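Heads up: the structure comes next, in structure tokens.
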Amino acid sequence: MKINWRSPLLLSGLVLMSQAFPLPSPVRDAATGSWVNGFSLHYSSLYLVLAPFCGLADRLTLLSYHQLMVFLVYLAIAVFLGLGFRRGTVAIAFFVLFAAWVILAPRPTARLVAEDPHVLIIDFHSHSCVSHDGRKSFTAESNMLWHQEQGYGAAFITDHNRIESSQKAKAISRENWRESHYRSLEGEEVSLYRTHLVTLGVHERIDNRPYDSDAKKIPLFIADMHKKKISVIASIPEYWWYHWDGSALGTVDDFIRWGIDGFEIINSAPKALDFPPAYRRHIVELCRAHNLPMTGISDNHGWGYATAAWNAISIPNWQKMNPDELENAVLATIKT
């Protein structure tokens with residue numbers, strides 16, 4: 001059988017050329033949807049060699065839950081109608097293997113770089129193996145390495161109601177931040193009644209049990225965290241699912257009244273990527289009206305190797321700060 005390699009080689013060549021002549025800015029502002037300058041995505045040589053596969057892997061990783069379901073349905077229909085049952089089954093098996101590679105295997109990814117040396121690329125919400133839904137091999141060290149490869153200069157580990165990995169990673173960062181140029185910071189994602197709240201600057205575990213039985217205890221939780229000078233960020237998709245217009249559990253406007261310190265507007269988990277754009281615009285307007293920070297987060301649990309969002313925050317001379325100093329500077333910046 002004669003194999004025609006011209007089309008695949010041509011497509012691969014076009015992908016490689018596109019990396020040599022990129023768009024002026026490949027990065028969008030999550031709050032406005034507009035292209036922004038001052039940032040670039042860097043790709044390793046291995047990424048470029050594997051460009052068709054890595055590009056498709058990135059696209060699959062960043063599909064929302066409903067987009068993924070629709071894609072799988074159309075894929076199955078197209079494969080079985082085009083190839084028949086027998087060859088279609090083989091093709092689906094190959095796709096399953098590819099999907100397993102996308103979800104489980106380390107692979108080259110895009111790395112965000114800021115032109116301004118005073119801009120810190122940071123993640124405010126990520127997990128490790130100690131979270132109940134974290135990948136068991138995704139240790140504190142793995143979390144740190146993943147963030148470095150994505151271009152982050154710092155990230156908070158915010159496991160569900162646990163802080164062991166957060167503390168361990170911070171201790172490692174205290175030892176090697178000058179060599180690695182990366183700092184791991186301390187946080188916790190606290191699970192309350194139909195509510196997840198990300199707490200930043202946590203140095204001892206927060207017990208969620210006194211606040212977890214009733215949504216009416218959310219304002220008490222926020223008030224108690226403020227007494228400890230801990231910042232509290234509302235996490236999606238929970239505030240979207242359970243606290244939108246007319247909710248008896250309290251709406252996003254009530255969160256403002258309760259003293260919330262900010263909102264996530266982008267979350268890279270498939271279930272959160274379904275967050276409607278109109279709702280995101282409402283949160284952006286709400287945050288601007290009340291001078292609250294907005295975060296875009298990886299929410300990485302060790303499944304998949306691409307992120308939908310980075311945060312850029314201006315902190316002069318952050319490269320000279322140790323992890324504790326940088327954590328304090330970040331928290332002071334988002335509070336003001």
Side-chain angles (χ1 to χ4, degrees), residues 25-42 62 109-127 143-144 146-158 166 169 173 181-189 196-202 231-237 239 260-269 272-273 275 280-281 283-284 286-288 291-301 305-319 321 323 325-336:
S25 173
V27 184
R28 288 183 183 270
D29 184 335
T32 65
S34 60
W35 300 104
V36 292
N37 295 316
F39 301 90
S40 57
L41 288 175
H42 287 204
L62 301 181
T109 56
R111 185 174 187 269
L112 187 69
V113 175
E115 294 177 4
D116 185 344
H118 297 306
V119 169
L120 169 68
I121 306 300
I122 186 170
D123 188 9
F124 288 99
H125 180 166
S126 67
H127 294 265
N143 178 293
M144 297 170 70
W146 180 86
H147 277 101
Q148 291 177 66
E149 291 176 346
Q150 300 286 330
Y152 293 101
F156 287 86
I157 294 181
T158 55
S166 176
S173 283
H181 307 293
Y182 173 82
R183 290 86 166 160
S184 191
L185 311 180
E186 293 178 87
E188 180 181 348
E189 184 176 8
H196 286 192
L197 298 175
V198 173
T199 55
L200 304 175
V202 176
S231 296
V232 184
I233 308 295
S235 178
I236 49 175
Y239 76 71
I260 198 73
D261 296 300
F263 288 88
E264 294 177 357
I265 61 170
I266 293 283
N267 180 320
S268 303
L273 287 173
F275 189 47
R280 179 177 301 115
R281 288 192 293 270
I283 294 296
V284 170
L286 203 62
C287 288
R288 286 178 172 163
N291 196 34
L292 297 177
M294 300 165 271
T295 63
I297 53 95
S298 73
D299 198 15
N300 192 357
H301 288 66
Y305 280 80
T307 184
W310 294 262
N311 300 273
I313 183 170
S314 181
I315 299 180
N317 300 313
W318 68 266
Q319 296 95 335
M321 299 180 185
E325 292 170 337
L326 184 58
E327 183 175 287
N328 291 334
V330 168
L331 295 176
T333 302
I334 65 172
K335 286 178 180 177
T336 56

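As the structure is a prediction and not an experimental result, all values here were calculated from the model.
Summarising the geometry, atom CG belonging to Leu197 is positioned 9.5 Å from atom CD1 belonging to Ile233; distances are rounded to the nearest 0.5 Å. Atoms CG and CG, from Leu120 and Asn317 in turn, are 12.5 Å apart once rounded to the nearest 0.5 Å. Interatomic distance, Lys335 NZ to Ser231 OG, rounded to the nearest 0.5 Å: 4.0 Å.
Two residues are said to be in side-chain contact when any heavy atoms from C-beta on lie closer than 4.5 Å; Ile157 and Glu186 fail this criterion. Taking 4.5 Å as the limit, some side-chain heavy atom of Leu41 sits within range of a side-chain heavy atom of Leu112. In this structure the side chain of Thr158 never reaches within 4.5 angstrom of the side chain of Thr199, judged on heavy atoms. You'll find the side chain of Trp318 stays beyond 4.5 Å of the side chain of Ile313, heavy atoms only. Side-chain contact between Arg280 and Ile266 is present, with at least one heavy-atom pair separated by less than 4.5 Å. Residues Leu326 and Ile315 form a side-chain contact, since some pair of their non-hydrogen atoms from C-beta on lies under 4.5 Å apart. Under the 4.5 Å side-chain criterion, counting only non-hydrogen atoms from C-beta, Glu327 is not in contact with Arg183. Side-chain contact between Met144 and Ser173 is present, with heavy atoms from C-beta onward closer than 4.5 Å.
The nearest pair of heavy atoms linking Ile121 to Gly151 is CB-O, 3.6 Å.
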Dump the intermediate steps for side chain to side chain contact (heavy atoms under 4.5 Å, CB included) on Tyr239 and Ile283, then the final yes or no. CA-CA 11 Å; Tyr239 76 71; Ile283 294 296; 3.7 Å; yes
Test Thr307 against Asn300 for side chain to side chain contact (heavy atoms under 4.5 Å, CB included), laying out the working first. CA-CA 8 Å; Thr307 184; Asn300 192 357; over 6 Å; no
Could you give me the CA-CA distance, side-chain angles and deciding distance for Ile334 and Thr295, then say whether side chain to side chain contact (heavy atoms under 4.5 Å, CB included) is met? CA-CA 10 Å; Ile334 65 172; Thr295 63; over 6 Å; no
Which is it for Ser298 and Trp146 under the side chain to side chain contact (heavy atoms under 4.5 Å, CB included) test, yes or no, and what are the steps along the way? CA-CA 11 Å; Ser298 73; Trp146 180 86; 3.6 Å; yes
Side chain to side chain donor-acceptor pair (under 3.5 Å) evaluation trace for Thr109 with Gln150: CA-CA 7 Å; Thr109 56; Gln150 300 286 330; 3.1 Å; yes
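Paired with His147 under the rule ring-ring contact (aromatic ring centres under 6.0 Å, His included), one option of Phe124, Tyr152, Phe156 passes, and it is Tyr152.
One N or O on the side chain of Asn311 and one on the backbone of Ile122 form a donor-acceptor pair closer than 3.5 Å. Between the side chain of Asp123 and the backbone N or O of Ile297 there is no donor-acceptor pair closer than 3.5 Å. Panel note: side chain Asn143, backbone His127; a donor-acceptor pair is recorded below 3.5 Å. Checked by atom type and distance alone, the side chain of His301 pairs as donor or acceptor with a backbone atom of Asp299 at under 3.5 Å.
In this structure, a donor-acceptor pair under 3.5 Å is present between the side chains of Ser235 and Glu264.
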